[in-house]
Amino acid sequence: MRYAFVASALLCASVAFADDASSASSSESSTSSSSTVANKPTFTPTKLKPSGGFLEQFTDNWDTRWKPSHAKKEKDKDSTSEEEWAYVGKWAVEEPHVLGGMVGDKGLVVKDKAAHHAISAKFEKPISAKGKPLVVQYEVKLQDGLECGGAYMKLLQDNKKLHREEFSNASPYIIMFGPDKCGATNKVHFIFRHKNPKTGEYEEKHLDNPPLSRSTKLSALYQLVVHPNNTFIINIDGEQVSTGSLLENFTPAVNPPKEIDDEADKKPETWVDESRIADPEAKKPEDWDEDAPFEIPDTDAKKPEDWLDDEPSMVPDPEAEKPEDWDDEEDGDWVAPQVPNPKCSESSGCGKWEVPMKKNEAYKGKWTAPLIDNPKYKGEWAPRKIANPKYFEDKTPANFEPLGAIGFELWTMQNDIMFDNIYIGNSVEDAEALKKETWDLKIEAEKAEEKLNEPKFEDIKDPSAPIDFKKDPVGFVKQKAEAFITAAKADPIKAAQEMPEVAGVLGVTALTILALILTALSPSAPSKEQIKAKANKAKDAAEKAKDKAAEAISSGVDQAKDATKRSTRSSTAGAQ
């Protein structure tokens with residue numbers, strides 16, 4: 001049973017290493033298998049000529065159209081930090097190094113981690129959405145994943161003062177659209193800035209329930225379509241994930257309420273808004289005992305005949321042996337580790353017997369008067385309504401102001417985020433045509449390569465030469481854990497069947513931890529009978545795990561003894 005415990009501890013300690021190794025292996029396979037997929041399509045620049053729109057595939061001379069920003073990032077209004085940020089992140093146009101789906105296809109790539117990036121491109125002429133649909137479509141490829149950062153775009157307000165080298169977080173934009181992920185935040189932004197026709201001030205309107213972004217390393221296609229009737233549709237990879245209205249699904253609302261609360265109206269001091277009150281005529285019954293305890297000793301209980309009063313619950317482990325290299329002067333007096341007394345599990349219990357407690361039928365607790373309807377109740381008070389002096393009604397918020405440029409203004413902890421095949425214009429048909437020429441072709445090749453890179457159970461069950469437990473116990477258990485975890489990702493059922501000793505030990509460990517948590521959260525201590533029952537169940541489970549693990553760790557007797565020695569030294573030092 002000691003060996004199962006040692007193996008369990010070593011397995012738990014190596015899970016993190018195994019997972020890291022699996023991730024690294026997966027990453028290496030993704031980057032080294034670009035040649036495993038045959039018949040990849042070859043990139044050919046589109047011949048589409050969108051009228052009045054913007055189309056970018058990052059072909060030759062891209063740097064004449066795009067300009068990185070050298071501006072300082074302005075501090076957020078709510079920020080207390082005095083630190084100034086500069087857009088030092090570098091950009092490049094290159095082919096993907098992970099799951100490339102099209103030969104010769106290049107995109108705009110974020111090159112630096114933990115850095116602020118900003119780059120923009122002006123439109124040849126402003127794009128208008130008045131009376132027309134507005135279509136925004138682009139590809140995002142997270143080659144290094146995305147733990148914390150943005151991959152969204154901003155459509156900037158057409159402005160004569162718009163200088164690309166000064167593009168920053170303060171540059172006025174009309175629409176912000178695209179994925180953003182950091183910690184618990186994972187969404188596709190759709191924000192538009194609306195101009196108040198009365199004050200001329202702008203206010204950001206945020207989509208109430210934004211869809212989740214795609215975290216895959218495949219190329220993801222994000223599309224936003226806003227129609228002149230104020231409805232919108234968000235598609236990801238050609239699938240509709242969100243739809244609604246600019247007038248109904250954004251906060252703050254586009255149009256303010258017609259009426260607002262009168263701030264000058266105050267609740268009268270005599271106003272009664274308590275609907276229920278304690279019955280003033282109710283009295284505590286004379287036989288109500290508030291001091292009666294919740295539990296009392298069970299006088300009918302009797303000590304079991306086989307109860308062992310003189311037996312301790314814990315005894316020295318009879319199988320433990322003093323290690324051969326134990327030095328009494330250096331290590332102190334050797335003391336065998338304590339184990340549960342087997343005699344206690346074979347009888348009703350050990351030690352001093354105490355009368356169990358039972359629920360007191362006379363217990364009633366603290367007396368309180370019953371509630372009745374309040375005869376003076378007037379209802380919930382609310383201030384009177386008055387006409388909103390700031391009220392206006394914009395029936396066509398989809399008539400966005402003219403768009404003059406596109407910009408990526410990002411901070412991210414990951415590099416190698418790629419943007420490609422950008423379309424901004426008024427034609428859903430043009431956007432769909434571009435999709436068919438680009439994303440539809442490359443995604444099939446990317447998926448085929450990803451499938452080839454998936455771990456196969458037969459190849460990963462035992463990827464390296466066996467490690468001798470006797471020579472390297474930690475390495476042995478780590479290897480087993482790595483093989484099991486990697487195999488389980490491909491086929492968990494088959495992994496458990498092929499490696500039952502690892503699955504058994506991990507399962508018992510998980511159940512033991514869960515049992516400890518539930519015991520800690522239990523509102524009352526278990527009875528001795530419950531403890532005995534749980535101990536018997538744990539014993540049976542541990543014995544089964546021991547049988548499964550014995551084959552894998554039978555050669556580790558010496559190492560197990562060494563582990564016992566270290567454990568005993570720690571317990572002895574603690575006792576001293």
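- Of all heavy-atom pairs between S213 and P179, the closest is CB-CB, 3.5 Å.
- How far CZ of F192 is from CZ of F400: 6.0 Å, rounded to the nearest 0.5 Å.
- Side-chain atoms of E432 and Y423 include no donor-acceptor pair closer than 3.5 Å.
- Under the 30°/60° scheme for interplanar angles, the aromatic rings of H194 and F392 are found to lie parallel.
- Contact annotation: the side chain of L134 approaches that of I175 to within less than 4.5 Å [non-hydrogen atoms, C-beta and beyond].
- Applying the 6.0 Å contact sphere to NZ of K198 captures more than 12 heavy atoms from other residues, nucleotides or ligands.
- By the 4.0 Å N-to-carboxylate-O rule, R276 lies close enough to D373 to be salt-bridged with it.
- Counting heavy atoms of neighbouring residues, nucleotides and ligands inside a 6.0 Å radius, atom CD of E305 does not exceed 12 of them.
- Between S168 and A71, the shortest heavy-atom distance links the atoms CB-CB, 4.2 Å.
- Of the N and O atoms on the side chains of D208 and T251, at least one donor lies less than 3.5 Å from an acceptor on the other residue.
- Centroid-to-centroid, the aromatic rings of F177 and F232 stay 6.0 Å apart or farther.
- The six-membered or imidazole ring of F167 lies away from that of Y87, with a centre-to-centre distance of 6.0 Å or more.
- Of the inter-residue distances, the one linking N159 atom CG with L403 atom CG reads 12.5 Å to the nearest 0.5 angstrom.
- Annotation for D287: atom CG counts as buried by contact number, over 12 foreign heavy atoms lying within 6.0 Å.
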For D306 and L308: C-alpha separation, side-chain torsions, deciding distance, then whether side chain to side chain contact (heavy atoms under 4.5 Å, CB included) applies. CA-CA 6 Å; D306 62 342; L308 305 176; 5.8 Å; no
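- K130 and N399 get closest at one heavy-atom pair: CA-OD1, 3.4 Å.
- T412 pairs in a side chain to side chain contact (heavy atoms under 4.5 Å, CB included) with only one of the listed residues (L142, D144, L146), which is L146.
- Contact annotation: the side chain of V140 approaches that of F419 to within less than 4.5 Å [non-hydrogen atoms, C-beta and beyond].
- Taking all atoms of both residues into account, the shortest heavy-atom contact from K205 to A253 is NZ-O, 3.0 Å.
- Taking CD of Q414 as the reference point, atom SG of C148 lies at 7.5 Å (rounded to 0.5 Å).
- For the pair D261 and K385, the salt-bridge criterion is met [side-chain N within less than 4.0 Å of a carboxylate O].
- Between Q157 and Y202, the shortest heavy-atom contact is NE2-OH, 2.9 Å.
- When V272, D273, I277 are each tested for a side chain to side chain contact (heavy atoms under 4.5 Å, CB included) with K376, only one passes: V272.
- Between atom NZ of residue K181 and atom CG of residue L212 there is a gap of 10.5 Å, rounded to the nearest 0.5 Å.
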Is there a side chain to side chain contact (heavy atoms under 4.5 Å, CB included) between I191 and H206 once you walk through the steps? CA-CA 5 Å; I191 305 171; H206 293 249; 3.3 Å; yes
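- Rounding to the nearest 0.5 Å gives a distance of 8.5 Å between CD of E346 and CG of N341.
- A 6.0 Å sphere centred on CD of E290 holds more than 12 heavy atoms belonging to other residues, nucleotides or ligands.
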Between E203 and N196, does a side chain to side chain contact (heavy atoms under 4.5 Å, CB included) hold up when you go through it step by step? CA-CA 8 Å; E203 186 176 47; N196 186 314; over 6 Å; no
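- More than 12 heavy atoms of other residues, nucleotides or ligands sit less than 6.0 Å from atom CE of M314.
- Judged as a ring-ring contact (aromatic ring centres under 6.0 Å, His included), and not counting sequence neighbours, the contacts of Y152 are H189.
- Within 6.0 Å of atom CG in N209, 12 or fewer heavy atoms from other residues, nucleotides or ligands are found, so the atom counts as exposed in its surroundings.
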What verdict does the side chain to side chain contact (heavy atoms under 4.5 Å, CB included) test give for D289 and K364, after you've listed the backbone C-alpha separation in whole Å, the side-chain angles of each residue and the deciding distance to 0.1 Å? CA-CA 7 Å; D289 185 0; K364 293 186 177 181; over 6 Å; no
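- With sequence neighbours excluded, no residue forms a ring-ring contact (aromatic ring centres under 6.0 Å, His included) with Y222.
- Closest heavy-atom contact between L207 and S242: CD2-OG, 4.1 Å.
- In this structure, the separation between SG on C344 and CD on E311 is 6.5 Å, given to the nearest 0.5 Å.
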